[in-house]
Each structure stands twice: as C-alpha cells, then as structure tokens.
Participant: 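Could you have a look at this structure, given as structure tokens, before my questions?
By convention in this document, chain letters (A, B, ...) are assigned in the order of the sequence lines, proteins followed by strands, and residues within each chain are numbered from 1. Quantities reported herein were computed from a predicted structural model and do not represent experimental measurements.
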Protein chains: 2
Amino acid sequence: MNMISTKSNEDKVNTITEMCKLFKVSARTLRFYESKELLFPIRRGQHRLFTKSDRGRMKLIMQGKRFGFSLEEIRQLLNLYNFGDHRTRQIKQTYQLGLKRLSSMEQQKKELGLAIKDLKTQLQLCKDLLLKRGADSRDL
Amino acid sequence: MNMISTKSNEDKVNTITEMCKLFKVSARTLRFYESKELLFPIRRGQHRLFTKSDRGRMKLIMQGKRFGFSLEEIRQLLNLYNFGDHRTRQIKQTYQLGLKRLSSMEQQKKELGLAIKDLKTQLQLCKDLLLKRGADSRDL
DNA sequence: TATTTCTTTGACGTTTACGTCAAGTATAAC
DNA sequence: GTTATACTTGACGTAAACGTCAAAGAAATA
C-alpha cells in the first residue's frame with residue numbers, strides 16, 4: 001500500500017488535530033491563523049491539510065509570539081521565507097522589513113541581557129536579606 | 001526660595017503629565033497601572049504625585065512589557081524591588097518567582113539568539129535572490 | 001443502518017490593555 | 001470674578017487573540 005508517496009517528511013501533511021498536538025495550540029487558533037492569512041492549509045474535501053510550509057510558518061509564528069511580536073507583524077515577515085513566488089518589488093519590501101526586524105531583535109537581546117543582570121542583582125539582595133532574617137539557605 | 005527640599009533627585013515627585021513625558025505613555029495608562037496596583041502615587045489633595053519608587057517601577061514595567069510579560073506577571077515581580085516592607089514568607093515567594101523569571105528570561109535570550117541567526121540566513125538568501133534578479137546592491 | 005468521531009462554519013463571549021468622551025473640581029492667570 | 005489649565009472619577013468603546021458553544025456534514029466503526 002501507499003505506492004506513491006515514499007518521500008517521507010517533505011510531503012507529509014497533517015490534520016488539524018495533529019497540528020494541535022505538534023504545536024500545542026487549539027484548533028480554533030489554527031483556523032484563526034488561517035483567517036488572518038498566516039497559514040494556508042490545502043483542502044481535502046472540506047477538511048484542512050497542513051503542509052510542510054505550514055509547519056515552518058507555525059514555528060516562526062510561535063517564535064515571533066514568544067518575542068512579543070503581534071500576529072500582523074509576524075504575518076508580514078513570513079513572506080521572507082516564501083519569497084520564491086513573489087514579485088521583485090514585494091521581496092525588496094519584505095527584505096527591508098526583515099532588516100528592521102533584525103535590528104529590533106538585536107536591540108531586544110541587548111536589553112534582555114541588561115535586564116537579566118539587574119534581576120540577578122536584585123535576587124542576590126533579596127537572598128541576603130532572607131538569610132539575614134534567618135532563612136535556611138537550603139530553602140533558596 | 002525652596003528652603004526645605006535640597007535633596008535633588010531622591011525625593012522628587014512628578015505630576016502625571018511629567019510622568020507621561022518621562023515614559024511616553026498616556027495619563028490613562030498611568031491611572032490604569034495604579035488601579036492594577038503596579039504604581040502607588042501619593043496624593044496632594046486629589047492629584048497624584050509620582051515618587052522615585054514609581055519611576056523605578058515604571059522602568060521595570062516598560063522593560064517587562066518589552067519582553068512580552070503581562071501586566072499581572074510584572075506586578076508580581078515588582079515586589080522584588082520593594083521587599084523591605086514585607087513579611088519573610090512573602091519575600092520568599094517573590095524570590096522564588098524571581099528565580100523562575102530569571103531562567104525564563106535566560107531561555108528567551110537563547111532562543112532570541114537562534115532566531116536572529118535564522119533571520120540573518122534568510123535575509124542573506126533573500127538578498128542573493130534580489131541581486132540575481134538584477135537589483136542594485138546599493139538599494140539593499 | 002445506526003452511531004460515534006472528526007471536522008467544518010458561523011456567531012457570540014472573554015480577557016488584556018488601554019482609548020475616548022463626559023462631567024466635575026481645584027488652582028492659577030487674567 | 002471668570003476664564004483657562006491641569007487633574008479627577010466614572011463609564012463606555014475598542015483591538016487583538018483567541019475561547020466557547022451550536023448546528024451540520026462526512027467518514028469510520030459497530
């Protein structure tokens with residue numbers, strides 16, 4: 001059986017529940033993302049099938065969300081990973097946007113480093129106080 | 001004039017509009033933060049006066065938001081910077097929370113580094129394509 | 001054939017984080 | 001005295017990002 005598709009991973013498609021498990025999101029979320037044009041599942045009958053492209057996009061979406069970008073911001077950048085089928089003008093714009101996003105992310109990383117440093121300092125102060133108040137150091 | 005307060009910065013208080021300019025937020029936002037117990041301006045009559053503590057808190061709030069934390073998550077951590085006046089039990093909890101937050105931020109920084117690397121790769125691919133399509137490299 | 005199971009499309013509800021009036025008070029300026 | 005300015009407290013509105021039904025269709029299973 002299954003004489004056609006031996007290409008293991010490349011062409012694999014997922015049902016919506018498989019996607020839910022893969023990315024730990026609800027079906028509603030996936031449909032919502034499709035409605036917002038962040039995903040483009042194909043249809044078998046009226047069911048959705050998510051392709052490798054969708055999986056790649058989802059990875060980027062989750063990543064973007066983690067870093068505090070809005071879905072709209074994420075959507076715009078997603079084209080950067082599918083630029084094959086767009087017009088040069090379009091690609092140029094996306095490229096520019098990507099550069100901006102890159103510098104914003106690098107800035108964020110810097111600030112994150114500083115914030116981490118601050119937080120460590122505060123935690124140390126806090127720890128000192130707790131120990132001075134007689135806390136057992138094994139609790140901390 | 002002004003014979004009492006020579007302590008320049010420490011005791012300075014700000015009106016709401018001064019705070020707005022300082023942190024580039026609306027008055028509504030500051031009142032909202034107060035209602036959510038992230039800020040504790042004192043009152044002169046019925047007006048608010050924001051103290052150094054509030055300025056410190058605002059800095060942390062803006063920072064937290066930048067990194068994608070919710071106001072509620074931020075609020076819980078703010079106590080870490082005011083632990084003097086709390087009970088040991090309370091401080092211990094906040095300390096634990098701080099440790100978790102720290103590791104979450106360090107994780108985020110790692111992921112951010114990877115995402116930046118990926119984005120750079122994509123941008124390079126994109127750039128190559130554009131040049132191959134005859135774009136002027138000075139445009140990019 | 002009957003009945004689960006999976007999925008679909010609406011449509012309305014919810015939370016977060018504010019924005020936007022409206023109406024009132026209080027102090028300062030003219 | 002009144003006008004302007006800064007601020008106040010509601011109260012309602014809004015955008016983003018989903019959650020939560022409800023009704024219905026197809027496919028698999030008993």
Side-chain angles (χ1 to χ4, degrees), chain A residues 1-2 12-51 54-55 57-78 97 101 104 108, chain B residues 1-2 12-51 54-55 57-78 97 101 104 108:
Chain A
M1 346 242 161
N2 195 352
K12 184 173 182 188
V13 291
N14 298 104
T15 70
I16 200 164
T17 30
E18 285 167 356
M19 284 292 276
C20 292
K21 281 170 194 168
L22 261 172
F23 294 98
K24 309 195 175 183
V25 296
S26 70
R28 177 70 179 88
T29 298
L30 293 170
R31 294 191 197 105
F32 180 71
Y33 288 171
E34 182 186 7
S35 81
K36 293 288 175 179
E37 305 193 323
L38 285 107
L39 298 176
F40 302 94
I42 54 180
R43 298 296 176 113
R44 177 179 54 192
Q46 73 172 356
H47 290 31
R48 290 170 177 81
L49 289 180
F50 296 86
T51 69
D54 293 311
R55 292 191 292 275
R57 284 166 167 270
M58 266 307 280
K59 188 188 158 195
L60 291 168
I61 293 168
M62 303 306 279
Q63 212 172 69
K65 288 196 44 136
R66 180 84 208 270
F67 304 141
F69 293 112
S70 74
L71 291 184
E72 177 53 23
E73 288 174 312
I74 293 168
R75 189 187 65 76
Q76 291 173 39
L77 250 195
L78 280 175
L97 188 65
R101 203 60 57 88
S104 147
Q108 186 174 348
Chain B
M1 342 240 169
N2 195 350
K12 183 172 182 185
V13 291
N14 298 103
T15 70
I16 201 165
T17 30
E18 286 167 354
M19 283 292 277
C20 291
K21 282 169 195 168
L22 260 171
F23 293 99
K24 307 193 175 185
V25 297
S26 70
R28 177 71 179 88
T29 299
L30 293 170
R31 294 192 197 104
F32 181 71
Y33 289 171
E34 182 186 8
S35 81
K36 293 289 175 180
E37 304 192 328
L38 286 108
L39 298 176
F40 302 94
I42 55 180
R43 296 296 175 113
R44 177 179 55 190
Q46 73 171 357
H47 290 29
R48 290 169 177 81
L49 289 179
F50 296 85
T51 70
D54 294 311
R55 292 192 291 275
R57 283 165 166 271
M58 267 305 281
K59 188 188 157 193
L60 291 167
I61 293 168
M62 303 305 281
Q63 210 172 70
K65 289 196 43 142
R66 180 87 208 268
F67 304 141
F69 292 113
S70 73
L71 291 183
E72 177 53 24
E73 287 174 311
I74 293 168
R75 189 188 65 77
Q76 290 172 41
L77 250 195
L78 281 175
L97 188 65
R101 203 60 55 88
S104 147
Q108 187 174 347

Participant: Scan the side chains in residues 60-69 of chain A for donor-acceptor partners under 3.5 Å anywhere in the protein, sequence neighbours excluded, and list what turns up.
Facilitator:
| unit_1 | atom_1 | unit_2 | atom_2 | d |
| --- | --- | --- | --- | --- |
| A:Arg66 | NH1 | B:Glu111 | OE1 | 2.8 |
| A:Arg66 | NH1 | B:Glu111 | OE2 | 2.8 |
| A:Arg66 | NH2 | B:Ser104 | O | 3.4 |

Participant: With a 3.5 Å cut-off and heavy atoms only, can you find an N or O donor on one side and an acceptor on the other between the side chain of A:Arg31 and the base of C:dT8?
Facilitator: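 No pair found.
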
Participant: Among C:dG24, C:dT8, C:dC12, which is the nearest nucleotide to the side chain of A:Gln46?
Facilitator: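 The listed nucleotide nearest to A:Gln46's side chain is C:dT8.
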
Participant: Identify, between A:Phe50 and B:Thr29, the residue whose nearest nucleotide on DNA chain C lies closer to the 5' end.
Facilitator: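 Looking at DNA chain C, the more 5' nearest nucleotide goes with A:Phe50.
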
Participant: Should A:Lys36 be listed as having a side-chain N or O under 4.0 Å from OP1 or OP2 of D:dA15?
Facilitator: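 Answer no for this pair, as no side-chain N or O of A:Lys36 is under 4.0 Å from OP1 or OP2.
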
Participant: Let's see if you can work this out: which of D:dT9, D:dG19, D:dA17 has an atom nearest to the side-chain heavy atoms of A:Lys65?
Facilitator: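 Nucleotide nearest to A:Lys65's side chain: D:dA17.
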
Participant: Could you state the CD1-C1' distance from A:Ile61 to D:dA17, rounded to the nearest angstrom?
Facilitator: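 Atom CD1 in A:Ile61 sits about 13 Å away from atom C1' in D:dA17.
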
Participant: To the nearest 0.5 Å, what is the distance between CZ on A:Phe23 and CG on A:Asp54?
Facilitator: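 Output value for this atom pair is 9.0 Å.
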
Participant: Out of C:dC18, C:dT7, D:dT9, which has the shortest distance to the side chain of A:Ile16?
Facilitator: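 Taking heavy atoms from C-beta onward, the closest nucleotide is C:dT7.
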
Participant: Could you state the atom-to-atom distance from CG of B:Leu30 to C1' of D:dT9 in whole Å?
Facilitator: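 Checked: the CG to C1' distance equals 16 Å.
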
Participant: Do A:Arg48 and C:dT8 have a side chain to base donor-acceptor pair shorter than 3.5 Å?
Facilitator: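 Answer is no: no donor-acceptor pair is held.
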
Participant: Under 4.0 Å, heavy atoms only, any strand: does A:Arg44 hit a base, just the sugar-phosphate, or nothing?
Facilitator: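 Nothing, no heavy atom under 4.0 Å.
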
Participant: Rounded to the Å, how far apart are B:Met58 CE and C:dA17 C1'?
Facilitator: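 Atom CE in B:Met58 sits about 13 Å away from atom C1' in C:dA17.
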
Participant: Rounding to an integer number of Å, can you tell me how far B:Glu18 CD sits from D:dT5 C1'?
Facilitator: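 One finds 15 Å between C1' of D:dT5 and CD of B:Glu18, rounded.
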
Participant: Nearest to the side chain of B:Phe32, which nucleotide is it out of D:dC18, C:dG19, C:dA17?
Facilitator: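 When the side chain of B:Phe32 is considered, C:dA17 is the closest of D:dC18, C:dG19, C:dA17.
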
Participant: Taking atom P of D:dA27 as reference, at what distance in whole Å does atom CZ of A:Arg43 sit?
Facilitator: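 Taking atom P of D:dA27 as the reference, CZ of A:Arg43 is at 15 Å.
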
Participant: Indicate yes or no: does A:Glu72 engage A:Arg75 in a salt bridge with an N to O separation below 4.0 Å.
Facilitator: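 Looking at A:Glu72 and A:Arg75, the cut-off is met.
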
Participant: Kindly compute the distance separating CG (A:Leu97) from CD (A:Gln76), expressed to the nearest 0.5 Å.
Facilitator: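 Answer rounded to 0.5 Å: 5.5 Å.
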
Participant: Measuring to OP1 and OP2 of D:dG19, would you say a side-chain N or O of A:Ser26 lies under 4.0 angstrom away?
Facilitator: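 For D:dG19, OP1 or OP2 has a side-chain N or O of A:Ser26 closer than 4.0 Å.
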
Participant: From CD of B:Glu73 over to C1' of C:dA17, roughly how many Å is that when rounded to an integer?
Facilitator: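 It is 14 Å, rounded to the nearest whole Å.
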
Participant: Taking only side-chain nitrogens and oxygens of B:Thr15, does any of them come within less than 4.0 Å of OP1 or OP2 of D:dC7?
Facilitator: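 Checking D:dC7 against B:Thr15, a side-chain N or O does come within under 4.0 Å of OP1 or OP2.
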
Participant: Report the nucleotide, chosen from D:dC7, C:dC18, C:dT7, that has the shortest atom-to-atom distance to any side-chain atom of A:Thr17.
Facilitator: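 For the A:Thr17 side chain, the nearest candidate turns out to be C:dT7.
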
Participant: For the side chain of A:Leu71, starting at C-beta, report the closest nucleotide among C:dC18, D:dC7, D:dA17.
Facilitator: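 It is D:dA17.
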
Participant: Among C:dG19, D:dT9, C:dT7, which nucleotide has an atom closest to any side-chain atom of B:Arg28?
Facilitator: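 So the side chain of B:Arg28 is nearest to C:dG19.
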
Participant: From CD of A:Glu34 over to P of D:dA17, roughly how many Å is that when rounded to an integer?
Facilitator: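 Nearest whole value for this atom pair: 17 Å.
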
Participant: Does a nitrogen or oxygen in the side chain of A:Tyr33 sit under 4.0 Å from OP1 or OP2 of D:dA17?
Facilitator: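 Checking A:Tyr33 against D:dA17: no side-chain N or O falls below 4.0 Å of OP1 or OP2.
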
Participant: Would you sort out whether B:Phe50 and B:Glu18 count as a side-chain contact (heavy atoms from CB on, under 4.5 Å), showing the intermediate values?
Facilitator: CA-CA 9 Å; B:Phe50 296 85; B:Glu18 286 167 354; over 6 Å; no

Participant: Measure the distance from CE on A:Met19 to C1' on C:dC6 and round it to the nearest whole Å.
Facilitator: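 To the nearest whole Å, that distance equals 17 Å.
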
Participant: Could you go step by step and tell me if A:Leu39 and A:Met58 meet the side-chain contact (heavy atoms from CB on, under 4.5 Å) rule?
Facilitator: CA-CA 8 Å; A:Leu39 298 176; A:Met58 266 307 280; 3.9 Å; yes

